[in-house]
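To keep things clear, I will list the structure first and then write my remarks on it.
Any value given below was found using the heavy atoms of this structure, including those in side chains, with hydrogens, waters and symmetry copies removed. First the proteins, then the strands, lettered A, B, ... as listed; each starts at 1. It should be emphasised that the depicted structure is a prediction, and the values quoted were computed from it without experimental measurement.
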Amino acid sequence: MKITLKVWRQKSKDTKGEFKTYQHDHVSSDMSFLEMMDVLNTELIKKGEDPIHFDHDCREGICGMCSMYINGQPHGPLQTTTCQLHMRSFKDGETITVEPWRAQAFPVIRDLVVDRTAFDRIQQVGGYISVNTGGVPDANSIPIAKKIADEAFDAAACIGCGACVAACKNASAMLFVSAKVSQFALLPQGHAERKERVEKMVNQMDAEGFGSCTNTSACEAECPKGISVANIARMNREYFSAMISSYEVKVGGGE
Amino acid sequence: MKLESKTPEGPLAEKWTKHKFNLKLVNPANKRKYEVIVVGTGLAGASAAASLAELGYNVKSFCFQDSPRRAHSIAAQGGINAAKNYQNDGDSVYRLFYDTVKGGDYRSREANVYRLAEVSVNIIDQCVAQGVPFAREYGGLLANRSFGGAQVSRTFYARGQTGQQLLLGAYSALNRQIANGKVKVYNRTEMLDLVVVDGKARGIVTRDLVTGKIEAHSAHAVLLCTGGYGNVFYLSTNAKGSNVTAAWRAHKKGALFGNPCFTQIHPTCIPVSGDHQSKLTLMSESLRNDGRVWVPKIAHKGLKAKEAASIPEADRDYFLERKYPSFGNLVPRDVASRNGKMVCDEGRGVGATGLAVFLDFADAIKRDGHDVISAKYGNLFDMYKQITGDDPYKMPMMIFPAVHYTMGGLWVDYNLMTNVPGLYALGEANFSDHGANRLGASALMQGLADGYFVIPYTVGDYLAHIGWNDKVSTDHPAFKEAIEAVNSRTQKLLSIKGKKTVDELHRELGLTMWEYCGMSRNAEGLKTAKKKIQEIKNEFWQNVNVLGGANELNSELEKAGRVADFIELGELMVEDALMRSESCGGHFREESQTPEGEALRKDDDFAFVSAWEYKGEGQAEEMHKEELKFEYVKLTQRSYK
Ligand SMILES: Cc1cc2nc3c(=O)[nH]c(=O)nc-3n(C[C@H](O)[C@H](O)[C@H](O)COP(=O)(O)OP(=O)(O)OC[C@H]3O[C@@H](n4cnc5c(N)ncnc54)[C@H](O)[C@@H]3O)c2cc1C
Ligand code: SF4
Ligand code: FES
């Protein structure tokens with residue numbers, strides 16, 4: 001296959017970026033998208049040009065590190081991660097545009113690499129159950145109905161890639177945050193801190209500069225792990241019930 | 001140098017309890033005066049960092065990814081073992097211990113393995129309390145499955161994403177301590193050197209991968225939880241960034257490297273599709289519970305999966321079932337891998353490259369129906385289809401062995417401390433518990449055992465002994481020297497400006513390792529490998545091309561540093577494989593086999609751990625032996641016939 005790539009090049013956070021066009025004549029339909037980029041990078045290096053920087057690690061669709069906005073869709077045309085996308089999904093002779101995730105809360109570091117530590121900071125304010133190592137009850141002393149456990153798992157499957165934010169015209173992080181809130185709202189272990197958790201995480205999300213949710217469900221359509229917008233509805237319920245009944249928590253997050 | 005394993009005295013089942021009692025404690029009020037560096041945020045690192053911070057120590061945590069949550073542990077699929085005996089099928093701590101020692105082909109330390117089995121039960125409790133959504137039965141209790149040919153169902157799992165869920169649990173515990181101010185986390189930061197002063201580990205030197213800033217960090221103890229080195233083979237199931245750099249630089253500062261040649265090759269991976277291949281994808285071992293492995297009896301060059309149906313039953317060789325009637329397709333990983341390679345070497349392999357065998361579900365689908373098979377393996381079948389374009393419901397999968405795990409690693413004593421006081425190694429980075437071969441679902445168990453339940457006790461003992469004022473500041477000349485060494489190495493890499501890319505050289509190294517130090521090894525091949533690696537090393541330092549600068553995000557520079565270390569490690573692996581002229585576990589020496597072609601262990605000569613000492617640039621490494629004593633398990637040759 002032969003393809004033309006229009007790739008966003010940006011030297012660093014503080015410099016201006018631009019699209020550059022590359023002709024790529026050595027593409028096989030069996031290559032993954034990232035392998036196609038590897039081959040292009042080898043050619044660039046041979047010509048003495050800086051290779052294109054992009055994030056990746058597991059290349060198995062699970063670490064959530066890869067993050068390319070391909071032809072106007074996060075992770076490209078399939079509902080999967082970029083590393084699991086193969087060139088057989090494209091046509092010979094096609095022009096493919098590759099950009100980084102675009103969101104105020106995800107500043108570009110270089111080329112296609114963005115800073116997603118805002119996600120970590122949201123998790124840090126409450127994305128956990130407060131138990132120390134040791135001194136916990138036997139695992140089977142907490143029976144959990146299979147249906148509930150399965151639903152909690154569905155929410156827990158989020159890989160933290162940020163495609164939901166990239167897909168959303170408001171760059172909202174509701175799908176990501178609601179997935180974690182849901183997992184712990186569903187499980188009995190998470191109930192003790194239910195109210196504080198949702199308040200703190202939502203407040204931190206706002207503080208990071210993510211946009212608001214206008215229910216377009218673009219996030220769900222692009223999420224490689226099929227996280228459902230039902231989680232957003234659940235988080236809204238959790239949040240409002242926390243707001244009307246909470247007296248022990250100061251709103252403000254991060255505490 | 002005398003290697004002291006520090007294995008406690010007394011009966012096996014009481015060793016750990018007694019040892020914990022004998023360990024010195026740090027006064028609770030003094031814990032905040034100590035600093036501990038934890039490099040790595042996989043299962044081992046995240047669990048260790050969180051647990052130590054909970055106790056009150058100040059922790060600095062490092063990883064090269066953009067978030068601790070993306071450590072390679074995230075990719076583990078199948079499950080985690082624990083001797084809970086929830087299924088009432090005869091499991092026990094002793095049985096898990098026994099299976100692990102036997103599975104490791106009697107090349108691990110009994111006391112360590114027993115402790116691992118003992119604390120395994122606590123791991124599951126801990127994870128459930130954190131909200132890890134393990135699979136459950138309709139009654140609400142935890143589900144188990146049998147894994148990797150085990151005779152009992154002791155594997156806990158979270159669909160095909162067990163590693164992800166366990167790591168997110170440990171990451172959440174870590175996050176809580178970050179919020180508490182007890183852990184400071186450094187993402188996109190790579191450890192490039194260890195600093196040793198007066199014989200003790202005192203800190204590390206790191207590079208900020210975004211700005212290129214080189215920084216020194218000092219602490220009372222340093223924990224390396226930096227994972228395995230399977231990527232020395234270039235192609236492996238490991239994440240692209242997995243590397244040996246942290247362990248290797250520690251090795252060059254005095255830490256012994258244990259059993260470097262022990263690598264595990266996993267039988268069920270998606271075969272290589274071309275030169276562009278950047279990594280290999282594992283298909284879970286659980287597939288062998290229902291899939292049947294075969295090749296045609298006579299060679300059919302280039303046979304495609306969609307043509308498999310044209311080979312009549314009588315012309316198929318179900319070689320595992322034929323050779324190992326009692327275990328069949330469920331023989332251990334090393335046996336399955338080696339036999340797969342053998343039939344391909346005979347020219348009977350399938351697919352375009354001839355380097356693949358079929359894994360066929362037709363009988364299982366006929367027997368159980370499409371829905372049952374899809375409920376069990378649906379996500380794996382989908383993944384296979386996405387990568388290869390073939391539909392395993394309609395035709396067999398094609399699989400081939402791939403490098404998956406490294407049993408070798410930094411040598412540690414019972415306390416997980418290396419021979420350098422204050423330097424510890426946890427998880428896949430150490431050599432300790434799996435001997436010459438790891439059982440499925442036991443790496444996750446070991447990582448969390450080390451981090452949650454072993455290190456919080458053993459580090460405390462060391463810290464209590466040295467005292468909180470025994471710390472060296474980063475102003476010490478040793479830190480300055482280490483920074484200079486790191487800088488000059490970076491400049492060297494950038495100044496070569498040769499013709500080959502880092503990946504090209506890495507691929508050459510990988511091919512050499514795979515060819516001569518892979519699934520089966522012989523003296524002649526290993527000697528050839530030695531020469532070839534030397535050539536690759538020379539070429540690397542004269543002809544590698546690393547573009548860009550030191551003070552920017554520079555992925556080529558990162559890779560170059562790692563590959564330079566892999567090359568040196570490769571030399572040591574070959575040396576170790578050459579020395580061990582017996583077959584054991586994942587290490588098959590062609591000179592040491594039974595008349596039927598099975599692995600032949602030589603316990604009289606090789607029941608020891610080889611621990612290698614770095615002697616300086618260009619010098620041969622010196623081997624030290626830790627003799628292994630087996631007081632509880634009787635040594636027998638493994639047989640799966
Ligand atoms: C595809 C696959 C499936 C698997 N499935 C299973 C399974 O089902 N069951 C099982 O028990 N085991 C399984 N394993 C094995 C298991 O996943 C690993 O052995 C285990 O997760 C290793 O954990 P770890 O904490 O030791 O290291 P890792 O998870 O590899 O973490 C290493 C950490 O070190 C950091 N690091 C490395 N070098 C540096 C450096 N120089 N500077 C800074 N940071 C550094 C990394 O950023 C990372 O945070 C599987 C492995 C693979 C590849
Ligand atoms: S919700 Fe989906 S798209 Fe968003 S971060 Fe999680 S996995 Fe990625
Ligand atoms: S590289 Fe890990 S999800 Fe794509």
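Both the backbone and the side chain of A:Gln123 have a heavy atom closer than 4.5 Å to some heavy atom of chain B. Interface remark: A:Asp38 contributes side-chain atoms only to the contact with chain B (heavy atom separation under 4.5 Å). Only the side chain of A:Ile109 comes within contact range of chain B, with heavy atoms under 4.5 Å apart. Within the 4.5 angstrom heavy-atom criterion, no atom of A:Lys13 approaches chain B. Residue A:Val27: no heavy atom, backbone or side chain, is found under 4.5 Å from chain B. No part of A:Asp111 comes within reach of chain B, as not one of its non-hydrogen atoms sits under 4.5 angstrom from that chain. Of the two parts of A:Val39, only the side chain, counted from C-beta on, holds a non-hydrogen atom closer than 4.5 Å to a non-hydrogen atom of chain B. Neither the backbone nor the side chain of A:Ser29 comes within contact range of chain B; no heavy atom of the residue lies under 4.5 Å from a heavy atom of that chain. In this structure, the portions of A:Ile142 lying under 4.5 Å from any heavy atom of chain B include both its backbone and its side chain. The part of A:Gln189 that comes within reach of chain B is its side chain, from C-beta onward, which places non-hydrogen atoms under 4.5 angstrom from that chain. Contact of A:Phe184 with chain B is made through the side chain alone, with heavy-atom distances under 4.5 Å. Interface remark: A:Arg88 contributes side-chain atoms only to the contact with chain B (heavy atom separation under 4.5 Å). Using a 4.5 Å cut-off between heavy atoms, B:Asn187 touches chain A through its side chain atoms alone. With a 4.5 angstrom heavy-atom cutoff, B:Gln386 touches chain A via backbone and side-chain atoms both.
Contact count against chain B (heavy-atom pairs under 4.5 Å) is highest for A:Ala157 among A:Gly127, A:Gly61, A:Ala157. Your options are B:Gln77, B:Gln65, B:Arg69, B:Glu504, and the one with the most heavy-atom pairs under 4.5 Å with chain A is B:Arg69. For the options A:Asp138, A:Leu34, A:Leu85, heavy-atom pairs under 4.5 Å to chain B are most numerous at A:Asp138. Highest contact tally toward chain B, considering only A:Ser28, A:Gly64, A:Ser89, is held by A:Gly64 [criterion: heavy-atom pairs under 4.5 Å]. Note on B:Ser67, B:Ser47, B:Pro456: by heavy-atom pairs under 4.5 Å with chain A, the leading option is B:Ser67.
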